[in-house]
Amino acid sequence: MTQQTESAEQADGEALRDLAVAALLSARERTTLLTTAVDEADLVKQHSPLMSPLVWDLAHIANQEELWLLRAVGGRPTLPLLDPAEARRYGHEVRGRVLDLLSRFKTAAGGRPAFGAEIAGAGAGFAFGMVAQHEAQHDETMLATHQLRSGPAVLSAAQPPPAPADAAALPAEVYVPGGPFILGTSVEPWALDNERPAHAVDLPGFWLDTTPVTNAAYADFIAGGGYDDPRLWTAQGWAHRQRAGLTAPLFWEWEGTWVRRSFGATEPVLPDEPVMHVCWYEADAYARWAGRRLPAEAEWEKAARWDPAAGRSRRFPWGDEPWTPERANLGQRYLRPAPAGSYPAGAAPSGARQLIGDVWEWTSSDFLPYPGFTAWPYKEYSEVFFGPEYKVLRGGAFGVAPVAIRGTFRNWDYPIRRQIFAGFRTARSAAEPSPGPA
Ligand code: AVJ
Ligand code: FE
């Protein structure tokens, strides 16, 4: 076996500093928009028992930034409940001091920044990358709060372009050959603790859907009685389906045809758009109905990162270069996923599309530590969540900022969760490449 490697495109300290500044400013721009699109009463209101008021996210973002960038890592001050004006003032003050700190940044000997928390194998400046990702994650959480609130639309965005000409002719599935590959990373500078360390995993060959499962395909599952057949569901899934009265994705309504609520507007369900707002149990039942299964997390990452020709794992499906708007639907530029088959420039070597962006993808895997995991910089980021009660999601959605997603990124949630921007694709095992069903 040849030595497997992961690509190590280590940016130098100055470049990472500039990336941190850009990611912090971009996240704050989005935070500001999400918290000024509604009035003050709306900011302090709890729109759903599932979500905090938006003002909580606002103050929490500033509090984490102060804790990790302006104080020594350690004691966590309790956050007083702030009103919107206080929360804004606090965020502004913390950010001013952080930008001041970054502007006084000096590159230390060896090209490493002179400050910032160190993590084994990662460059310094990690704390800044972590804080930028944290704010971006809460921007996605706040977007989910916006989707749950009632009342007229307050957010607007352009429509994603129609699917490219070749989308209709794409094969339904792509083959990912068997063999070992490198899962996780030890070189990605801002990879979080749960993505580390890089390690070899040997997988049998498998087939994976070329694109996420569409609304049209999911509507067939509903029309075919998928919600009424307990044989398609796990025991826990069926119990949940019964208890919660699930009959369709969250936000869907039947009005002689399927319509859905999207950020305050009611619209037809678009047939070729990836399905979203389904829980893990629904995704798992659909896959069984289709005679398939959810991909394991390692399968998803192999399909997204492994370059068989080069014998190494890429940072992203398209290669090692950073995201560009042609490569994936990220950053809340559109407030919906793009049609299935979009983003040919973001395709993986296997030919799979839209692995990054559009919708989070449920995997069959529980959220567990990789061999050699070390909690960093605090156990509450990942470690306290490891275990069978959480399922792993991969790839990020249209609401995720580019700084907060990469081929190794791991998200997790309860299998009943539906308000997140999650869909899925399906897989099947196969030892040898052979034509899949039409
Ligand atoms: C990684 C999305 C599960 O929102 O609970 C935000 C990210 N951690 N603040 C979450 C996070 C701390 C986390 N998820
Ligand atoms: Fe947080």
Side-chain angles (χ1 to χ4, degrees), residues 23-24 27-28 30-31 34-35 48 50-69 73 76-79 81-82 87 90-91 94 117 126-148 184 190-196 276-277 279-280 297 330 332 356-357 359-363 365-370 373 375-406 408-422:
L24 286 165
R28 185 54 49 89
R30 198 65 205 170
T31 301
L34 290 164
T35 55
S48 156
L50 300 167
M51 311 302 284
S52 307
L54 292 166
V55 70
W56 182 86
D57 291 274
L58 196 56
H60 168 75
I61 286 166
N63 189 234
Q64 289 289 299
E65 185 164 328
E66 181 184 23
L67 179 64
W68 295 112
L69 302 184
V73 174
R76 181 181 193 144
T78 48
L79 178 61
L81 270 180
L82 300 178
Y90 177 39
V94 170
F126 174 80
F128 294 89
M130 182 183 82
V131 164
Q133 290 179 72
H134 181 258
E135 180 160 352
Q137 288 173 333
H138 280 275
D139 289 345
E140 189 187 14
T141 305
M142 290 191 283
L143 192 66
T145 303
H146 272 269
Q147 168 64 359
L148 280 164
W190 293 342
L192 302 170
D193 60 0
N194 63 57
E195 300 166 64
R196 301 169 185 272
M276 59 178 173
H277 300 300
C279 70
W280 186 91
E297 161 175 40
L330 293 172
Q332 305 188 15
I356 298 290
V359 288
W360 285 105
E361 300 182 19
W362 287 111
T363 72
S365 302
D366 296 340
F367 185 49
L368 296 172
Y370 291 161
F373 168 84
W376 181 270
Y378 62 121
K379 282 184 166 34
E380 288 74 21
Y381 186 78
S382 308
E383 192 173 308
V384 299
F385 300 103
F386 287 141
E389 59 274 32
Y390 291 97
K391 298 295 183 190
V392 172
L393 298 121
R394 290 301 205 103
F398 61 87
V400 173
V403 70
I405 197 66
R406 55 205 154 255
T408 55
F409 190 91
R410 310 174 75 198
N411 192 4
W412 65 93
D413 219 321
Y414 289 120
I416 64 167
R417 196 72 92 199
R418 302 214 295 172
Q419 78 270 25
I420 55 176
F421 304 104

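Values below: every heavy atom of this structure, side chains too, minus hydrogens, waters and symmetry copies. In listed order, ligands and their atoms are each counted from 1. This is a predicted model, so every value here is computed, not measured.
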**Message:** Geometry only, no angles: is Thr141 polar-contacting ligand 1 at N/O separations under 3.5 Å?
**Reply:**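 No, there is no polar N/O contact under 3.5 Å.
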**Request:** Mind reading off the angle at the Fe ion (ligand 2) between the NE2 atom of His134 and the NE2 atom of His60, rounded to 10°?
**Result:** 90°
**Request:** Please identify which atoms of ligand 1 are closer than 4.0 Å to at least one heavy atom of Asn411.
**Result:**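 Counting from 1, the qualifying ligand atoms are 1 (C), 2 (C), 3 (C), 14 (N).
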**Asked** Can you list the ligand 1 atoms lying under 4.0 Å from a non-hydrogen atom of His134?
**Response** 6 (C), 9 (N), 12 (C)
**Residue among Glu135, His134, Glu140 satisfying side-chain contact (heavy atoms from CB on, under 4.5 Å) with His138** =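 The residue from Glu135, His134, Glu140 that satisfies side-chain contact (heavy atoms from CB on, under 4.5 Å) with His138 turns out to be His134.
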**Prompt:** Got the closest protein heavy atom to atom 11 (C) of ligand 1, with its distance?
**Reply:** Gln137 OE1, 3.5 Å
**Prompt:** What protein heavy atom sits nearest atom 8 (N) of ligand 1, and how far away is it?
**Reply:** Tyr381 CE1, 3.6 Å
**Asked** Salt bridge or not for Lys391 and Asp413, using N-O below 4.0 Å?
**Response**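 No.
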**Item:** Separation of Asn411 CG from Thr363 OG1 (nearest 0.5 Å)
**Value:**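 One finds 10.5 Å between OG1 of Thr363 and CG of Asn411.
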**Protein heavy atom under 4.0 Å of atom 5 (O) of ligand 1** = no
**Item:** Flag if over 12 foreign heavy atoms under 6.0 Å of CZ, Phe385
**Value:** yes
**Asked** If we only count heavy atoms from C-beta on, is the Pro377 to Met130 side-chain gap below 4.5 Å?
**Response** yes
**Prompt:** Is there a heavy atom of His138 sitting under 4.0 angstrom from any atom of ligand 1?
**Reply:**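 Yes, His138 has heavy atoms under 4.0 Å from ligand 1.
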**Message:** Among Trp412, Tyr381, Phe373, which residue satisfies the ring pair (Phe, Tyr, Trp, His ring centres under 6.0 Å) criterion with Phe386?
**Reply:** Phe373
